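Treat the numbers as computed from the prediction; the structure is a model and nothing was measured. Protein chains get the first letters and strands the later ones, always in sequence-line order, with residue 1 at the start of each.
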Protein chains: 2
Amino acid sequence: MKATINDVAKQAGVSIKTVSRVMNNEPSVRQPTRDKVMEAVKELNYKPNLAARNLAGTKAYSIAFIYDNPNAYYVIDMQNGILSACKKQGFELLIHPCNSNSEGILDEITNMVKHSRIAGLVLTPPFSEMPEFVKHILALEVDVVRIMSGDNAPDDLAPCIMVNDHQASMSITQHLIDLGHTSIGFIAGQSEHMSTVERLRGYKQALKDNHLEIDQRLIIDGEYSFESGVQGAKQLMSGEVRPTAIFSCNDEIAAGALFASRLMGVSVPEQLSITGFENSPFSRQTWPRLTTANQPNPKIAEGAANLLIAKARKQAPNNITTEYTPQLVVRDSTSQKVKEQ
Amino acid sequence: MKATINDVAKQAGVSIKTVSRVMNNEPSVRQPTRDKVMEAVKELNYKPNLAARNLAGTKAYSIAFIYDNPNAYYVIDMQNGILSACKKQGFELLIHPCNSNSEGILDEITNMVKHSRIAGLVLTPPFSEMPEFVKHILALEVDVVRIMSGDNAPDDLAPCIMVNDHQASMSITQHLIDLGHTSIGFIAGQSEHMSTVERLRGYKQALKDNHLEIDQRLIIDGEYSFESGVQGAKQLMSGEVRPTAIFSCNDEIAAGALFASRLMGVSVPEQLSITGFENSPFSRQTWPRLTTANQPNPKIAEGAANLLIAKARKQAPNNITTEYTPQLVVRDSTSQKVKEQ
DNA sequence: TTTAAAAATGACAGCGCTGTCAATTCATAA
DNA sequence: TTATGAATTGACAGCGCTGTCATTTTTAAA
């Protein structure tokens, strides 16, 4: 039934250890030997037993994905990206949803790391943006890759995959400005998330670049939720300064803003333009479909996982920073500002 | 650092094997001995090493979740349910997204099962509804739990968790009828999915029970997608018989139908009532919010995983069938039928 | 050629646990 | 009490691999 390393060794006429070397891509194996082994591997459909590897060796063959995020689309995208990297490299994925605010969270993760041999962790916000947390994890001697918002790494604790929200927000805001909008509302996500900070920074930058005034009354605190979008839009549309466009920090907020507009009888995009951020599937399923910024989550996640795997194999330098910039996707929720109605 | 079974044995003053017995809940250990061991376990924060267990023993400590479903909400819910059962019982979860139509799918799963020691698989549609597939998996000597649609198990290959879509569809349809609708459109999901068949059956049953005519022109083939909802609704609203309500086979279809209504200038729910199915988060984020049926996915999944774990421990009878009936959730997308406008 | 250093390969122990089976302890009836 | 079988506990091998270190083979310089 299932072939073991022994079977392969016999079949290839070499020692067990040589097969092991080949399977681990170790250098000192002559090419002909390597070929013989690989042939046997193929013939017998051999795959190293993960349990045995874990038990015998000191290397790790799993990576863990720690997250605290209610956004199903985001999580699935990240997960698929990581999974795809893992599958290609014979790694295993441990999923660990958890609550970043819970008291025992540090112990929880520590325990998990101590009890499973783990090559590294993929950290997304908010975990990736908590330096103390990252330090604590690193002290456990596990690698970490952080996916976070910004245009360059805040420190060199661990490799970062940066999402240039600043740049992307400028594009969105510029798009709105190009359509003639000068009074643009902003509904924020949680202010503890770097992405919120960066998106706000990009928004402000674009206004500045176009010599438009930044009006604090147009900037609404919120969180990354539909409900927050509803509230934020209501507040904006009933405030003293009524914007003609709303920059929402993510698609859910935008969907909420859309909902509120309906509620208030404001038509989108005729009377009000609304933008989202993330390009999640439902940004295509609202009415009108959302103008947004596409965040290539699966690609980001796959990159993160690959980095971790490379580090586990000692074939990665320590502090690479990769950067992705979400691209503007124009759909139907934004349009030319009309003159006074 | 990490405690092994040896440490626990020493600390408790018993043999390694006795600790093993306690950890595996085997019967023949005297209570005082058991207590001593458990105390040591707690003191040392001991947790059996999964790799070693897998390598040494014949039992399995992982369950796999095989799915082919583009619906992120569904997948996350299922996954969380399974994960929660696994965590409680010290099991591991292997996630395996895949394509049920791909040619090599059987080999793919077979390989996966052969290469990782797996206690059992949680199968969702379409896999759970392919008897040949299930038989093939069972031949590999892995347990299977099927989550599927229907009001009783179609065969006794493996335990089933049935979702009574028939009943739930009757509730939805009855709700529409109670609102005065007599001409109710139906947009189907893929006809290969039992859920589609069952939902259609429930719809027809309710019509029959209320002595309403079943009009084939009101029943539209489709699939579980937004786009299909758009097409289906367009077709219905431009057909010879114009319904005053539409039963959509899931929330996404309903969202599509909503979108199409906007496109055609039909107002929901005033001129047209629309229902969804699943109660996914976005059924709360459309305008108007969807009347739908709540499917308790995490609970279903946790139940499935628990069943698998119980079977792995030989403490479950072989052919249990559990049943869940989704409950009607009335929101804003349905209303009283108005007289001719 | 010869020879030393380098490269390639192999022998073997042992990772932390469970299965098997033997040894011990306990409970019960004679 | 003692004998007898049942209940409890333990000794030990070995799961499939990798790490260490010894051995063999190759390479290249003398």
Side-chain angles (χ1 to χ4, degrees), chain A residues 1-38 40-41 44-62 90-92 114-117 119 312-314, chain B residues 1-38 40-41 44-62 90-92 114-117 119 312-314:
Chain A
M1 91 134 266
K2 196 177 53 180
T4 73
I5 195 169
N6 235 306
D7 304 328
V8 178
K10 244 174 255 167
Q11 170 107 354
V14 298
S15 79
I16 267 185
K17 183 68 225 201
T18 298
V19 177
S20 169
R21 288 202 177 89
V22 173
M23 294 317 289
N24 287 286
N25 254 305
E26 287 173 28
S28 68
V29 177
R30 223 164 304 167
Q31 195 56 48
T33 315
R34 197 177 289 274
D35 293 344
K36 266 192 302 183
V37 171
M38 285 316 290
V41 165
L44 299 175
N45 184 25
Y46 169 72
K47 228 187 98 201
N49 178 317
L50 241 162
R53 277 184 152 183
N54 269 322
L55 194 54
T58 54
K59 302 197 210 79
Y61 299 88
S62 321
F91 271 58
E92 208 177 39
K114 281 201 174 156
H115 285 297
S116 328
R117 197 193 296 296
R313 301 219 170 111
K314 274 131 191 126
Chain B
M1 93 135 264
K2 196 177 54 181
T4 72
I5 195 169
N6 235 305
D7 304 328
V8 177
K10 242 173 258 169
Q11 169 107 354
V14 298
S15 77
I16 267 185
K17 182 67 222 198
T18 298
V19 177
S20 168
R21 288 202 178 89
V22 173
M23 294 317 290
N24 288 284
N25 253 305
E26 287 174 27
S28 67
V29 177
R30 225 165 302 165
Q31 195 56 45
T33 314
R34 197 179 289 274
D35 293 343
K36 266 192 302 182
V37 171
M38 285 315 289
V41 164
L44 300 174
N45 184 26
Y46 169 72
K47 226 187 99 201
N49 178 316
L50 240 162
R53 276 184 154 181
N54 269 322
L55 194 55
T58 53
K59 299 197 211 79
Y61 298 89
S62 320
F91 271 58
E92 208 177 40
K114 280 201 175 156
H115 284 297
S116 329
R117 197 193 297 296
R313 300 219 171 112
K314 272 125 191 136

| query | Between B/Ala9 and B/Ser15, which heavy-atom pair has the shortest distance, and what is it? | reply | CB-C, 3.9 Å
| remark: Rounded to 10°, the helix from C/dT1-D/dA30 to C/dA30-D/dT1 deviates from straight, judged by its five-pair end axes, by 40°
| field | Over all atoms of both residues, closest heavy-atom pair of A/Tyr46 and A/Ile5 | value | CE1-N, 3.5 Å
Enumerate, atom names and distances included, each donor-acceptor pair closer than 3.5 Å involving a side-chain atom of residues 28-38 of chain B, sequence neighbours excluded.
unit_1  : atom_1 : unit_2  : atom_2 : d
B/Gln31 : NE2    : B/Asp35 : OD1    : 2.9
B/Arg34 : NH2    : B/Glu26 : O      : 2.8
B/Arg34 : NH2    : B/Pro27 : O      : 3.3

| task | Indicate yes or no: at least one non-hydrogen side-chain atom of B/Val14 is less than 4.5 angstrom from one of B/Val19. | result | yes
| task | Measure the distance from CD1 on B/Ile5 to P on D/dG10 and round it to the nearest whole Å. | result | 12 Å
| field | Nucleotides bounding contact with chain B, strand DNA chain C, heavy-atom threshold 4.0 Å | value | C/dG16 to C/dC26
Distance-only check: which donor-acceptor pairs under 3.5 Å involve side-chain atoms of residues 52-62 of chain A, not counting sequence neighbours?
unit_1  : atom_1 : unit_2  : atom_2 : d
A/Arg53 : NH2    : A/Asn24 : OD1    : 3.4
A/Asn54 : ND2    : A/Leu50 : O      : 3.4
A/Tyr61 : OH     : A/Asn24 : OD1    : 3.2

| query | Looking at DNA chain D, which of residues 47-59 of chain B put a heavy atom within less than 4.0 Å of it? | reply | B/Leu55, B/Ala56
| Which atom pair, heavy atoms only, marks the closest approach of B/Lys114 to A/Lys2? | O-CD, 2.9 Å
| field | side-chain hydrogen bond (donor to acceptor under 3.5 Å, both in side chains) against B/Asn6, all qualifying residues, sequence neighbours excluded | value | none
| Taking side chain as C-beta onward, heavy atoms only, is A/Met23 less than 4.5 Å from A/Ser20? | no
| said: Students often get this wrong, so: under 4.0 angstrom with heavy atoms, is B/Ser28 touching a base, only sugar-phosphate, or nothing? | reply: base
| Residues touching DNA chain D, which here means a heavy atom under 4.0 Å, drawn from residues 11-27 of chain B | B/Val14, B/Ser15, B/Lys17, B/Thr18, B/Arg21
| query | With sequence neighbours left out, what residues match A/Gln11 under side-chain hydrogen bond (donor to acceptor under 3.5 Å, both in side chains)? | reply | A/Glu43
Pull out every protein N or O sitting under 3.5 Å from an N or O of nucleotides 23-27 of chain D, one pair per line with the distance.
none

| Pick from A/Val22, A/Ile16, A/Thr18, A/Leu44: which one makes a side chain to side chain contact (heavy atoms under 4.5 Å, CB included) with A/Val8? | A/Leu44
